[in-house]
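Below is one structure, written out as structure tokens, with a few remarks after it.
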Amino acid sequence: MLNIALPKGRLGDKVYGLFSSIGYDCAAIYEDNRKLVFENPERGVRYLLVKPSDVAIYVEHGAADIGVVGKDVLLETQPDVYELLDLQLGRCRLAVAAKNGRQEDLSLPLRVATKYPRVAKEYYEAQGRQIEIIRLNGSIELAPILGLSDVIVDIVETGTTLKENDLGVFADVAQSSARLIANKASYQFSAGVIDGICGKLREKL
């Protein structure tokens, strides 16, 4: 069976709908239970429901053959996988945000709160800007409000949360959307099947 890692949550539901529309459905996935593994022996697929940030880990280590993960996660973790296709779902951007009206003091290191330390570090290194990374896992917007950081680097979808907290976007760092990735060894052995899925998905998109 081809093991497919899906991110839990809304994005995973959309991705599963996309796979289902090209014939790779699995009725059990809609049952009201807490199962994490769903199989369709007739189609030869097994779906694994995984925390979004862990999808690339499962694929890189071969527990899943292919999976769907946000480009933001790929930029931050840089897993050793093949990136096959942009599924054009979950579109958002990685951006620098701060309190509206903030004036930057270039003589001091910039304090950056983020759950994307690698992305933030590479972005500011390219500008020659000295920074101090403050690693946070949630409610990143609180950091500049409470004076914990000068700016944040985070995912922005609609920008509503920023506006409601008197924050604004000052720069875009990268665009993000859901990407289909493959384990390198799996792709060697199952290229025909994986390429077939890619082709059908590409037609749908």
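Every value quoted in this text rests on a predicted model; they were computed, and no experiment measured them.
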- Query: A120 and T114: which non-hydrogen atoms are nearest, and at how many Å?
  - Reply: CB-CG2, 4.1 Å

- Task: Check for a donor-acceptor pair, side chain of D86 on one end and backbone N or O of R179 on the other, with a separation under 3.5 Å.
- Result: no

- Message: Just verifying a value: how many Å separate S21 OG and E203 CD, rounded to the nearest 0.5 Å?
- Response: 11.0 Å

- Task: Measure the CD-CG distance between Q130 and L106 for me, rounded to the nearest 0.5 Å.
- Result: 11.5 Å

- Report whether Y187 and I57 are members of the same hydrophobic cluster (ILVMFWY, side-chain heavy atoms less than 4.5 Å apart, transitive linking). no

- Query: Rounded to the nearest 0.5 Å, how far apart are CG of D13 and CG of L49?
  - Reply: 9.0 Å

- Cluster link L84 to L6, ILVMFWY, side chain under 4.5 Å: yes

- Query: Tracing side-chain links under 4.5 Å among I, L, V, M, F, W and Y, which residues wind up in one group with I181?
  - Reply: V37, L48, V50, V55, Y58, V59, V69, V73, L74, V81

- Item | Set of residues satisfying salt bridge (charged side-chain N to carboxylate O under 4.0 Å, His left out) with respect to K71, sequence neighbours excluded | E83

- Results of ring-ring contact (aromatic ring centres under 6.0 Å, His included) for Y47 - residues two or more places apart only: Y16

- Has the side chain of R118 got a donor or acceptor atom that lies under 3.5 Å from a matching backbone atom of T77? yes

- Quick one: list whatever passes salt bridge (charged side-chain N to carboxylate O under 4.0 Å, His left out) with E125, sequence neighbours left out. K121

- Task: Answer with yes or no whether the hydrophobic clustering places L205 together with I66; edges join I, L, V, M, F, W, Y residues whose side-chain heavy atoms lie under 4.5 Å apart.
- Result: yes

- Message: Under the criterion side-chain contact (heavy atoms from CB on, under 4.5 Å), I'd like the reasoning laid out for Q88 against S177: C-alpha separation, chi angles, the key distance, then a yes or no.
- Response: CA-CA 6 Å; Q88 300 170 29; S177 56; 5.8 Å; no

- Message: Quick check: do R135 and P117 have side-chain heavy atoms less than 4.5 Å from each other?
- Response: yes

- Query: Donor-acceptor pair, D65 side chain versus L2 backbone, under 3.5 Å?
  - Reply: no

- Verify same cluster id: I152, I145 (apolar side-chain graph, 4.5 Å): yes

- Please lay out, stage by stage, how D166 and N100 fare under the test side chain to side chain donor-acceptor pair (under 3.5 Å). CA-CA 6 Å; D166 195 29; N100 289 316; 3.0 Å; yes

- Do the side chains of L167 and L148 join up, straight or via other hydrophobic residues, at under 4.5 Å, putting them in one cluster? yes

- Query: For residues Y82 and N183, is any side-chain donor paired with an opposing acceptor at under 3.5 Å?
  - Reply: no

- Message: Quick check against the 3.5 Å criterion: does D105 have a side-chain atom that pairs as donor or acceptor with the backbone of S107?
- Response: yes

- Backbone N or O of D72 within a donor-acceptor pair of the S176 side chain at under 3.5 Å? yes

- Query: Are any of the side-chain heavy atoms of I197 and F19 separated by less than 4.5 Å?
  - Reply: yes

- Looking at CG of L87 and CG of L18, how far apart are the two atoms once the value is rounded to the nearest 0.5 Å? 6.0 Å

- Query: At their closest point, which heavy atom of A178 faces which heavy atom of L11, and how far apart are they?
  - Reply: CB-CD1, 4.1 Å

- Task: Before giving the answer on side-chain contact (heavy atoms from CB on, under 4.5 Å), spell out for L201 and L85 the whole-Å C-alpha distance, their side-chain angles and the decisive distance to 0.1 Å.
- Result: CA-CA 9 Å; L201 290 172; L85 187 63; 3.8 Å; yes

- Item | Atom CD of Q127: over 12 foreign heavy atoms under 6.0 Å | yes

- Would you give the length of the straight line joining atom CD1 of I4 to atom CG of L180, rounded to the nearest 0.5 angstrom? 8.5 Å

- Listed by chain and number, what are the ring-ring contact (aromatic ring centres under 6.0 Å, His included) partners of F189, not counting sequence neighbours? none

- One should read off an interatomic distance between R93 CZ and D154 CG, to the nearest 0.5 angstrom, of 11.5 Å

- Task: Compare all side-chain heavy atoms of K8 with those of L36 and state whether any distance is below 4.5 angstrom.
- Result: yes

- Query: Do the charged groups of R46 and E39 touch, with an N to O distance under 4.0 Å?
  - Reply: yes

- In terms of heavy-atom contacts, D172 and A95 come closest through OD1-CB, 3.9 Å

- Message: On a heavy-atom basis, which atom in I22 and which in K204 lie closest, and how many Å separate them?
- Response: CG2-CG, 3.5 Å

- Query: Which pair of non-hydrogen atoms, one from K115 and one from L136, has the smallest distance, and what is that distance?
  - Reply: CB-O, 3.0 Å

- Do the side-chain N and O atoms of S20 and D25 include a donor-acceptor pair separated by under 3.5 angstrom? no

- salt bridge (charged side-chain N to carboxylate O under 4.0 Å, His left out) between R129 and E104, intermediate numbers included: CA-CA 12 Å; R129 185 75 167 93; E104 186 166 339; 2.8 Å; yes

- Can a salt bridge be assigned to the pair K184 and D80 using a cut-off of 4.0 Å between side-chain N and carboxylate O? yes

- Side-chain donor or acceptor of R111 paired with backbone N/O of G147 under 3.5 Å: yes

- Connected-component partners of V151 among ILVMFWY, side-chain separation under 4.5 Å: L75, L94, V96, L110, V112, Y116, V119, Y123, Y124, I131, I133, V153, I155, V173

- Is any side-chain heavy atom of R102 less than 4.5 Å from a side-chain heavy atom of D150? yes

